[in-house]
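Structure, as structure tokens:
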Amino acid sequence: MSPARPAAATPTHCPYCSLQCGIDVVAGDRPATLAPQPDFPTNRGGLCSKGWTAAELLDHPDRLLSPLVRAIDGDRGSPLRPATWDEALGRIAAAIEGCQERHGPDAVGVFGGGGLTNEKAYALGKFARVALRTSSIDYNGRWCMSSAAAASVRSFGVDRGLPFPLDDIAETDAVLLVGSNPAETMPPVMQFFDAGRARGAYHVVVDTRATPTAKGSTLHLQPRPGTDLALANGLLHLAIRAGYVDEEYVATRTTGFEAVRAGVAQYWPDRVERITGVPETHLREATRVLGEAHSAMVLTARGAEQHSTGTRTVHAFINLALALGLPGRRRSGFGSLTGQGNGQGGREHGQKADQLPGYRRLDDPQARAHVAAVWGIDPGELPAPGKSAYEMLDAIGTPGGVRTLLVLASNIAVSAPRGRHVRANLERLDFLAVSDIFRSETAEFADVVLPTAQWAEEEGTMTNLEGRILLRRRALPPPDGVLDDLQMLTALAERLGRGKYFSADARTVFAELRQASAGGAADYAGVTYERIERQQGVFWPCPDESHPGTPRLFTERFPTPDGRARFTRVDHREPADQTDDEYPYLLTTGRLMQHYQSGAQTRRVRSLVMAQPEPFVEMHPDLGRAVGVAAGEFVELRSRRGTAVMRARFTDTVRPDTVFAPFHWGGGATINDLTDPTLDPTSRMPAFKVCAVAVRRLDPQPD
Ligand code: SF4
């Protein structure tokens with residue numbers, strides 16, 4: 001029997017990752033307390049340490065409780081001092097108007113985040129196009145899901161991270177999980193994987209590290225970073241030779257297989273072993289498992305996707321899944337595990353440079369006409385697609401680049417690749433405004449900092465990794481002096497003379513989002529807050545209120561013009577940032593169980609900091625010996641773009657040619673100062689996951 005819930009509990013969701021675990025918040029007497037919802041379908045009573053401690057941030061002493069402005073307007077050297085909302089918004093509006101008058105509309109940029117609710121992401125995209133009339137908008141989800149999204153749209157006609165519910169993972173007979181470590185990044189989801197293993201399912205994990213997820217699998221393949229595409233092509237080569245291709249499925253539900261068949265003919269196993277370092281016997285075993293299973297899934301995540309070849313790598317795994325006839329088949333399929341809390345909904349409703357709500361394209365005349373009609377403007381007023389996230393930040397200080405920037409829910413001073421360059425560009429801006437809950441590293445560069453409401457203080461919807469639209473409920477009001485971003489954007493739009501187009505009420509914004517998304521790929525037209533409450537979430541597409549929602553996609557056809565999925569021939573290329581005598585090792589980065597993204601929140605939670613107090617780099621003992629470093633000593637990592645200093649930890653879970661560092665810290669340990677901004681040509685995803693580095697013992701060692 002489930003434990004009784006406190007009468008005063010407000011059911012809502014964890015603020016962090018895309019699993020969006022169900023949480024009950026009791027906020028009668030602050031500080032608020034929380035407990036997992038025992039019956040919510042994605043966590044079933046489970047929470048990770050981040051979720052358990054999320055209420056600590058609501059009353060944290062570092063919390064921003066009033067706007068901050070520079071003591072001397074226009075002087076970044078002067079300290080930030082508290083200000084009224086009137087003064088803060090007045091400074092932002094004046095900066096926007098002055099900048100656009102002098103340099104044109106595109107000189108004002110907007111940078112959003114994958115943690116914003118659907119309503120806020122939608123309002124932000126509309127604010128950029130309608131209030132600012134700028135093409136300069138993108139968001140940090142460009143750095144998470146864009147390669148998976150690009151490949152899925154081209155292959156399947158739509159991008160929904162998982163086209164099936166998590167329950168299906170527990171029921172499938174074989175899983176190929178590539179570049180994901182959910183045992184540490186979203187532990188409650190392991191219930192589904194563990195249930196599958198307990199039934200006898202065979203799980204293959206592909207990861208450059210022997211993570212807890214990899215150690216718990218049936219078979220771990222440990223390739224060199226940046227070689228997943230060759231691995232996927234090698235598996236397909238073997239599957240074809242072994243006769244595992246579902247010829248009928250390929251003939252009736254797909255196009256383009258012959259070109260792929262010809263392409264992977266060159267990926268014979270010993271060549272793939274040379275490229276990837278994965279033994280031929282393991283390649284054959286993984287192929288056998290996938291080929292002989294009655295049901296199977298291929299799942300990718302950032303380890304495979306955050307490369308300058310990320311889109312093509314995802315295509316290679318989709319090709320494998322299509323050849324085996326998996327997408328659309330019961331308990332089978334291809335999926336990509338979304339990372340950020342609203343990483344799915346945040347990429348659907350218009351905060352992306354090339355996109356309008358409902359997954360419509362900004363360069364599609366019909367899409368422009370539809371959305372402009374909902375917004376009550378002329379389609380000709382909508383700007384053209386703008387630059388992607390890194391390109392927008394990179395162009396600051398160049399002719400035509402952004403000169404005034406508004407940042408919401410993103411800590412780009414820590415999370416952008418080639419970080420030192422990006423921070424130098426933030427300094428070059430004429431004006432920077434940041435909305436956040438804490439004085440993040442990015443806020444330190446700002447002319448104006450705006451305090452914003454937190455997860456338990458606001459209403460809105462989030463869309464989780466399954467494409468399930470959820471309700472974030474308000475358990476308590478924000479502290480006095482704190483507004484939420486819908487209120488802030490509406491007030492700012494009013495100052496810019498465009499207030500009539502905006503609402504600060506989440507339900508009103510959602511009603512408009514439903515209209516704007518109607519008929520689009522991510523169709524929310526039939527979703528209401530009441531239905532979400534009743535059904536524990538609604539899966540999109542859901543085109544009208546009588547439609548049940550769509551937990552499983554592709555069962556009959558793919559949403560492409562001819563109803564078929566597309567194979568795409570792709571070939572392995574070495575990473576752009578190559579090792580040499582000066583930079584002989586590979587760096588890969590990732591997350592820890594206790595911290596989240598840039599760490600702006602979790603570095604402030606006492607128990608999480610006690611468990612993981614400081615930055616570190618993991619290296620194999622053989623590499624430590626080779627470079628003369630002892631465990632626990634400080635090392636300098638250096639790439640062609642920058643350096644970072646952190647303590648060395650020895651472990652045999654990493655390859656001797658590779659070091660691993662988490663990306664949760666700033667200052668002198670900002671690992672993204674080293675990472676490679678080379679962009680995937682399709683998705684514009686930087687090559688976060690692999691770059692060449694040198695490793696040196698610091699001498700003298702810091703005290
Ligand atoms: Fe929150 Fe994700 Fe942890 Fe669940 S798994 S508690 S959503 S961080």
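Atoms within each ligand, like the ligands themselves, are counted from 1 in listed order.
- Of all atoms in ligand 1, numbered sequentially from 1 with element shown, those under 4.0 Å from a heavy atom of G51 are 6 (S).
- Side-chain atoms of T185 and Y596 include no donor-acceptor pair closer than 3.5 Å.
- Atoms CD and CZ, from E458 and R473 in turn, are 13.5 Å apart once rounded to the nearest 0.5 Å.
- Close approach to P188 involves these atoms of ligand 1, each under 4.0 Å from a residue heavy atom: 5 (S).
- The distance from ligand 1 to the heavy atoms of L47 drops below 4.0 Å at these ligand atoms: 6 (S).
- Separation of the F510 and Y529 ring centroids falls under the 6.0 Å cut-off.
- Residue contacts with ligand 1 do not include N43, since none of its heavy atoms lies under 4.0 Å from the ligand.
- Taking every non-hydrogen atom of Q20 and a distance limit under 4.0 Å, the qualifying atoms of ligand 1 come out as 7 (S).
- Within the listing of ligand 1, atoms 5 (S) sit less than 4.0 angstrom from a heavy atom of M186.
- Checked against the 6.0 Å centroid criterion, the rings of W143 and F111 qualify as a close aromatic pair.
- Ring to ring, F554 and F156 are close: their centroids are under 6.0 angstrom apart.
- Atom 2 (Fe) of ligand 1 has no N, O or S atom of C14 inside 2.8 Å of it.
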